[in-house]
Amino acid sequence: LAVSRLRWGAPEVGVRIELPSRMPIKLAVYDIAGRRRATLLDQELPGGVTETTWDGRDQSGVGVASGMYFIRLTSAQGARVSKIVMLR
């Protein structure tokens, strides 16, 4: 799990996922208080690299405020977390 594209002030964040084999995953964004703000993926992905994006919006479609957020990937292999600083 890695943040592949992040520009200060840009509304979109790129996320790169690399899996060793096909497996179900869940990719979600959390705020600093641990509240889930958005679920980006909740599905089975093929092995290899998958690129996705977060548009900076929460589950209801509202843009999130500036601040620190965490992208968490959960799979059969465990969990990984990457930090994102969102500046609006």
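Heavy atoms only: backbone and side chains are in, while hydrogens, waters and symmetry mates are out.
Within the model, atoms CG of D58 and CZ of R36 stand 11.5 Å from one another, a figure rounded to the nearest 0.5 Å. Here the CG-CG distance, from L27 to L40, works out to 4.5 Å after rounding to the nearest 0.5 Å.
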side-chain contact (heavy atoms from CB on, under 4.5 Å) evaluation trace for I84 with F70: CA-CA 6 Å; I84 294 175; F70 300 92; over 6 Å; no
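Between Y69 and V29 the shortest heavy-atom distance is CB-CG1, 4.1 Å.
Shown are L1, I25, V49; of these, the side chain to side chain contact (heavy atoms under 4.5 Å, CB included) with L19 is made only by I25.
Note: the hydrophobic cluster containing L45 also contains I71 (ILVMFWY, side chain heavy atoms under 4.5 Å, direct or indirect links). One hydrophobic cluster holds both V3 and M86 under the rule that ILVMFWY side chains link at heavy-atom gaps under 4.5 Å.
For residues 47-57, every residue pair satisfying the side chain to side chain donor-acceptor pair (under 3.5 Å) rule, not counting sequence neighbours, is listed here: S4-E51.
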Solution key, residues 73-82 side-chain donor-acceptor pairs under 3.5 Å, sequence neighbours excluded:
residue	atom	partner	partner atom	Å
T74	OG1	R72	NE	3.4
S75	OG	Q77	N	3.1

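Side-chain atoms of E44 and R22, non-hydrogen and from C-beta on, do get closer than 4.5 Å to each other.
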